[in-house]
Q: 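Below is a structure I'd like to ask you about.
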Amino acid sequence: MPDSHLDLLGNLQRTHMCGTLRAGDAGRSVTLMGWVNRRRDLGNLVFIDLRDRTGIVQIVFDKESNPSLHEKASGLRSEYVIAAVGTVKKRDTPTVNKNVATGEIEIIAEELRLLNDSKTPPFSPSEEAISNEELRLKYRYLDMRRPEMQANIELRSRVSLAIRQELSKRGFLEIETPFMTRSTPEGARDYLVPSRVYPGSFYALPQSPQLFKQILMISGFDKYFQIVRCFRDEDLRADRQPEFTQIDLEMSFPSQERVFEVVEEFLVAAFRQAGIELKPPFPRMKYDDAMRQYGSDKPDLRLPPMSDVRAAFTEENLNALTLDPLLPVVAVRIPKVGELSRKERDDNKQLWSARPGAKLIDDLKRLEKSFPEAVNKLRSMSGAENEDLIVVVGGGVSEDRSPIAMRKAAEAVYASAGAFRLALAQKYKDRHGAFKKTQSAKDYRFLWVTDFPMFEYDDKEGRWNAAHHPFTSPHEEDFGKLLSDPGAVRALAYDIVLNGTELGSGSIRIHRQDIQKQIFNALGLSDEEARSRFGFFLEALEYGTPPHGGIALGLDRIVMILAGADSLREVIPFPKTAKAVDLMVDAPTPVSAAQLRELGIAVKP
RNA sequence: GGGGACGUAGUUCAGUUGGUUAGAACGCUGCCCUGUCACGGCAGAGGCCGCGGGUUCGAGUCCCGUCGUCCCCGCCA
């Protein structure tokens with residue numbers, strides 16, 4: 001027998017949503033359904049705040065006018081699910097609540113059905129803040145009843161719809177690609193799925209649909225997109241989950257600029273969902289300039305760039321500072337920091353972490369004592385204001401002055417200075433104010449970073465690796481350097497960056513089999529190895545592959561930024577913890593020996 | 001793989017130099033209350049101090065280990 005204290009829904013139909021009722025609805029008869037957010041029991045008068053996805057509305061139960069209904073309402077508790085039939089009444093002026101959207105009205109109850117009760121929840125969805133994430137994730141269904149989470153998930157839905165509409169309008173087809181596919185040994189670690197039919201063989205979950213979307217271009221689908229889950233078995237961060245969603249797209253016959261245009265168009269549509277009107281085109285910056293000016297391939301444009309101030313120093317100055325005159329001397333400028341005590345200046349040095357070769361010199365205030373002339377020149381070169389903190393970074397003298405070593409050392413100077421710039425910027429964010437969250441479009445500093453290097457040298461392995469991925473096309477004029485000078489080959493690869501966060505990454509791909517072969521050779525892959533890893537793809541390239549290119553953007557990160565959240569977990573309904581555990585369903589779990597045996601996987605003794 | 005922070009009531013937290021019976025607020029239960037909206041008042045229940053070991057006459061507090069959550073580095077073509 002079912003519980004007798006619960007009422008049946010019967011043929012009762014919901015007529016309105018709680019949060020949508022206004023003074024204009026006064027006199028209307030409504031049927032509402034939702035959760036008891038709060039009960040305020042004044043004895044002979046009971047107020048119930050009823051909550052659904054749209055908000056909260058107050059329902060009044062008066063003992064005098066309906067004793068049995070009032071009695072029933074007194075028995076309601078937090079998170080009970082009810083249906084209430086009643087009449088919307090405009091509140092008397094003194095009882096209006098300006099803090100609630102529906103505060104000008106209330107519902108005079110005529111019927112109440114208790115559809116379900118609830119255990120006392122471990123935390124209340126009506127609470128303002130809940131800090132224990134472990135609990136939130138375990139009881140995710142309660143957490144997601146909170147208005148903040150409801151808003152985030154709704155925003156996510158609207159953003160992805162807007163992007164779909166925009167891309168669809170531009171002639172893109174959304175085409176699905178497999179989740180059970182082939183392991184590719186390059187890149188991130190794969191999540192593997194064992195094959196029962198072929199013991200010892202595994203499918204891999206895709207890190208991205210890269211090769212499939214290229215195959216779709218070969219198939220003539222011309223403009224493809226997919227809002228698609230990707231999987232990477234690497235350690236997590238606040239902005240990294242093992243499964244995440246990408247806005248993945250690919251086009252045939254595009255220029256790099258055409259790809260940028262498409263992305264800018266759908267980002268405008270996406271940001272409009274959060275009330276932000278972006279103004280493309282976004283600025284573009286070459287990778288080399290990004291590294292020199294920001295010491296990063298994802299520059300945060302909200303603060304001024306670094307400047308090379310080597311010319312401010314004489315040869316003697318550099319000797320006195322034991323700096324290599326062939327290496328850059330970089331001034332890092334953080335605006336509006338103001339006067340600092342000696343202790344604060346020392347503390348700042350704690351934030352410095354040098355890559356080999358880079359050397360923190362000091363801040364300007366201190367340099368001034370020993371090198372007054374250099375500092376004078378430097379000030380005018382870097383455009384410094386009085387309140388700005390300026391710190392100077394250079395390259396130490398080392399024995400190995402080969403071109404490769406010098407290039408590495410220069411990179412180290414820029415990269416260390418760039419990291420220091422961000423650390424200082426974070427520390428003094430309350431002073432310069434550039435990192436404040438706001439709703440204005442001008443605070444979203446987008447940037448296209450272009451002309452990435454094609455290859456990166458791996459010291460440990462002693463060989464060249466693809467900086468982006470091995471299907472990225474080099475600049476046509478750099479084709480000749482593929483084998484002679486791989487380090488100088490520029491790729492038609494690009495990133496889109498927002499306020500120092502990488503939102504997406506793409507490239508114009510290789511469509512010619514001969515070039516693809518050369519790239520594999522440059523990467524030290526023999527024809528045989530290339531065949532065994534990517535044979536199906538190399539074969540496909542031989543059947544009339546059009547020039548093509550595309551990009552993939554992280555949807556989770558975009559929504560996180562639009563929601564003003566600090567973690568992807570705030571915008572993913574069912575996220576995983578830092579150790580890749582789902583606390584709600586308790587995954588992963590061991591499986592039975594029988595299951596393992598069936599899959600041909602050895603059982604641990 | 002490495003570094004850091006945290007773990008005490010359902011929840012958020014306090015807990016002094018190691019010393020009687022481990023506290024507060026919110027929540028919960030009961031009673032009172034007709035205009036509340038974080039309702040209010042009175043009363044009450046509620047604790048493996050994450051877990052294991054050690055030091056000590058005595059451990060929430062000190063030490064070692066372990067587990068969990070979060071942040072960062074490595075890693076993420």
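To find a chain, count down the sequence lines: A is the first, B the second, and so on, and within it residues start at 1.
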Q: Do the side chain of R40(A) and the base of C33(B) come within less than 3.5 angstrom through a donor-acceptor pair of N or O atoms?
A: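 Absent.
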Q: What distance do I48(A) atom CD1 and D41(A) atom CG have between them, rounded to the nearest 0.5 Å?
A: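 The CG atom of D41(A) is 8.0 Å from CD1 of I48(A), to the nearest 0.5 Å.
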Q: To the nearest Å, how far apart are L76(A) CG and C28(B) C1'?
A: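 About 16 Å, once rounded to whole Å.
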Q: Would you confirm whether Q150(A), through its side chain, and M144(A), through its main-chain N or O, come within 3.5 Å as a donor-acceptor pair?
A: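 At least one qualifying donor-acceptor pair exists.
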Q: Could you work out the separation of U11(B) and C49(B) based on their C1' atoms and round it to a whole Å?
A: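 That atom pair is separated by 16 Å.
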Q: Test side-chain hydrogen bond (donor to acceptor under 3.5 Å, both in side chains) on D190(A) and Q207(A) and set out the steps.
A: CA-CA 7 Å; D190(A) 286 322; Q207(A) 297 171 29; 2.5 Å; yes
Q: Between A77(B) atom P and Q246(A) atom CD, what is the distance in whole Å?
A: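 Roughly 10 Å, once rounded to whole Å.
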Q: Which nucleotide sits closest to the side chain of R240(A): G74(B), U36(B), C71(B)?
A: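 Shortest atom-to-atom distance from the side chain points to G74(B).
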Q: Taking atom types as they are modelled, would you say the side chain of D62(A) forms a donor-acceptor pair with the base of U34(B) within the 3.5 Å cutoff?
A: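 Yes.
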Q: Starting from the C-alpha separation in whole Å, work towards a yes-or-no answer on side-chain hydrogen bond (donor to acceptor under 3.5 Å, both in side chains) for Q246(A) and S208(A).
A: CA-CA 8 Å; Q246(A) 294 219 316; S208(A) 92; 5.4 Å; no
Q: Under a 3.5 Å cut-off for both distances, is C39(B) Watson-Crick or wobble paired, and to whom?
A: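 Paired with C39(B), as far as the under-3.5 Å criterion goes, is no nucleotide at all.
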Q: G50(B) C1' sits how many Å from K138(A) NZ, rounded?
A: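 Taking NZ of K138(A) and C1' of G50(B), I get 13 Å after rounding.
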Q: For a side-chain contact (heavy atoms from CB on, under 4.5 Å) check, start with the C-alpha distance between I519(A) and F455(A), then their side-chain angles and the critical distance, and finish with the verdict.
A: CA-CA 10 Å; I519(A) 297 293; F455(A) 303 104; 4.2 Å; yes
Q: Might you work through the side-chain contact (heavy atoms from CB on, under 4.5 Å) test for K298(A) and T501(A), ending with a clear yes or no?
A: CA-CA 6 Å; K298(A) 42 184 183 203; T501(A) 300; over 6 Å; no
Q: Please tell me which of the listed nucleotides, U69(B), C76(B), C39(B), lies nearest to the side chain of E134(A)?
A: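 Taking heavy atoms from C-beta onward, the closest nucleotide is U69(B).
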Q: Once you apply a heavy-atom cut-off of 4.0 Å, does F123(A) come out as touching a base, just sugar-phosphate, or nothing?
A: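 Counting heavy atoms under 4.0 Å across all strands, no contact is made by F123(A).
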Q: Base, sugar-phosphate or nothing for R569(A)? Non-hydrogen atoms, less than 4.0 Å.
A: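 R569(A): backbone/sugar contact only, no base atoms under 4.0 Å.
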Q: On a plain distance test, is the side chain of R38(A) in donor-acceptor contact with the base of C37(B) below 3.5 Å?
A: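 Checked by distance alone, the answer is no.
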Q: Counting Watson-Crick and G-U wobble pairs only, both distances under 3.5 Å, name the nucleotide matched with U17(B), or none.
A: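 With both distances under 3.5 Å required, U17(B) matches none.
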Q: Choose from U36(B), C75(B), C37(B) the nucleotide whose nearest atom is closest to any side-chain atom of E234(A).
A: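 That would be C75(B).
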Q: Give a yes or no on whether a donor-acceptor pair under 3.5 Å exists between the nucleobase atoms of G74(B), that is its base, and the side chain of D235(A).
A: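 Under the 3.5 Å cut-off, the side chain and the base do form a donor-acceptor pair.
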Q: Touch check for T95(A), heavy atoms < 4.0 angstrom, all strands: base, sugar-phosphate only, or nothing?
A: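 Answer is base: heavy atoms of T95(A) come under 4.0 Å of a base.
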Q: Go through C73(B), U11(B), U69(B) for me and flag the one nearest to the R237(A) side chain.
A: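 Nearest listed nucleotide: C73(B).
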Q: Would you mind checking if E111(A) and K72(A) are paired as a salt bridge, meaning a charged N to carboxylate O distance below 4.0 Å?
A: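 No.
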Q: Given the P atoms of G15(B) and U55(B), what is the spacing between them in whole Å?
A: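 That atom pair is separated by 28 Å.
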Q: Name the closest nucleotide to the V581(A) side chain, picking from C76(B), G35(B), U69(B).
A: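 Comparing C76(B), G35(B), U69(B) against the side chain of V581(A), the answer is U69(B).
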Q: Write down the distance between NZ (K576(A)) and P (U69(B)), rounded to a whole number of angstrom.
A: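 One finds 13 Å between P of U69(B) and NZ of K576(A), rounded.
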Q: Can you tell me the pairing partner of G74(B) across any strand shown, Watson-Crick or G-U wobble, with both distances under 3.5 angstrom?
A: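 The base-pairing partner of G74(B), which may sit in any strand shown, does not exist here.
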Q: Would you mind pulling out the nucleotide paired to G44(B), Watson-Crick or G-U wobble, both distances under 3.5 Å?
A: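 With both distances under 3.5 Å, G44(B) matches C28(B).
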Q: Given A77(B), C70(B), U36(B), identify the nucleotide with an atom nearest to the side chain of E106(A).
A: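 In terms of side-chain proximity for E106(A), the closest of A77(B), C70(B), U36(B) is U36(B).
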Q: Taking only the side-chain heavy atoms of H469(A) (C-beta and beyond), determine which of A77(B), U36(B), C70(B) contains the nearest atom.
A: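 So the side chain of H469(A) is nearest to A77(B).
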Q: I'd like the P distance from C75(B) over to G2(B), given in whole Å.
A: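 Between the two P atoms, the distance is 16 Å.
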Q: For K579(A) and for N97(A), find the nucleotide of RNA chain B with the closest heavy atom, then tell me which residue's nucleotide is more 5'.
A: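 Nearest-nucleotide comparison on RNA chain B picks N97(A).
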Q: Specify the separation, in whole Å, of atom CG of L351(A) and atom C1' of G4(B).
A: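 For the pair L351(A) CG and G4(B) C1', the rounded distance is 15 Å.
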Q: Rounding to an integer number of angstrom, what distance separates C33(B) and C42(B) when you compare their C1' atoms?
A: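 C33(B) and C42(B) have their C1' atoms separated by 11 Å.
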Q: Return yes if the base of U36(B) and the side-chain atoms of Q58(A) contain a donor-acceptor N/O pair under 3.5 Å, otherwise no.
A: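 Side chain to base: pair present.
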Q: Determine the interatomic distance between C1' on A43(B) and the same-named atom on U20(B); round to the nearest Å.
A: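 Going atom to atom, C1' in each nucleotide, I get 27 Å.
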Q: If U55(B) has a Watson-Crick or G-U wobble mate with both distances under 3.5 Å, name it; if not, just say none.
A: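 Its partner is none (no Watson-Crick or G-U wobble pair with both distances under 3.5 Å).
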Q: If I pick the P atom on U29(B) and the same atom on G23(B), what distance separates them, to the nearest angstrom?
A: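 Comparing P positions in G23(B) and U29(B) gives a spacing of 24 Å.
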Q: Classify R77(A) by what it touches in the nucleic acid, base, sugar-phosphate, or nothing, heavy-atom distance under 4.0 Å.
A: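 The answer is sugar-phosphate, as R77(A) gets under 4.0 Å only of primed atoms, P, OP1 or OP2.
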Q: To the nearest Å, give me how far apart CG (L583(A)) and C1' (U69(B)) are.
A: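 Answer to the nearest Å: 8 Å.
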Q: Which whole number of Å gives the distance between the P atom of A9(B) and that of U56(B)?
A: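 Those two atoms are separated by 30 Å.
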Q: On RNA chain B, nearest-nucleotide positions of E64(A) versus L135(A): which is more 5'?
A: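 Upstream on the strand: L135(A).
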Q: Find the distance E127(A):CD to C13(B):P and express it as a whole number of Å.
A: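 From E127(A) CD to C13(B) P: 11 Å.
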Q: Taking the minimum atom-to-atom distance to the side chain of S78(A), which one of U11(B), A77(B), C28(B) wins?
A: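 The nucleotide sitting nearest to the side chain is C28(B).
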Q: Roughly how many Å is it from CZ in R39(A) to C1' in A38(B), rounded to a whole number?
A: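 After rounding, the reported distance stands at 15 Å.
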Q: Please determine, for G7(B), whether a Watson-Crick or G-U wobble partner exists with both distances under 3.5 Å, and give it or none.
A: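 Here G7(B) is engaged in a pair, and the nucleotide opposite it is C67(B).
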Q: Under 4.0 angstrom, heavy atoms only, what part of the nucleic acid is N99(A) near: base, sugar-phosphate, or nothing?
A: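 No contact.
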Q: Determine the interatomic distance between C1' on C31(B) and the same-named atom on A45(B); round to the nearest Å.
A: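 Taking atom C1' in both C31(B) and A45(B), they lie 15 Å apart.
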Q: When you measure from the side-chain N and O atoms of T577(A) to the phosphate of U69(B), is any distance below 4.0 Å, counting only OP1 and OP2?
A: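 Yes.
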Q: Decide side-chain hydrogen bond (donor to acceptor under 3.5 Å, both in side chains) for D248(A) and Y224(A); before the verdict, give the C-alpha distance in whole Å, the side-chain angles of both, and the deciding distance to 0.1 Å.
A: CA-CA 8 Å; D248(A) 190 48; Y224(A) 143 94; 2.8 Å; yes
Q: Between U12(B), U34(B), G68(B), spot the one nearest the side chain of L45(A), thanks.
A: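 That would be U34(B).
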Q: Quick one: which of U12(B), C70(B), C37(B) gets closest to the side chain of E133(A)?
A: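 Closest nucleotide to the E133(A) side chain: C70(B).
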Q: Just by distance, do the side chain of R140(A) and the backbone of P573(A) share a donor-acceptor pair under 3.5 Å?
A: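 Such a contact is found between R140(A) side chain and P573(A) backbone.
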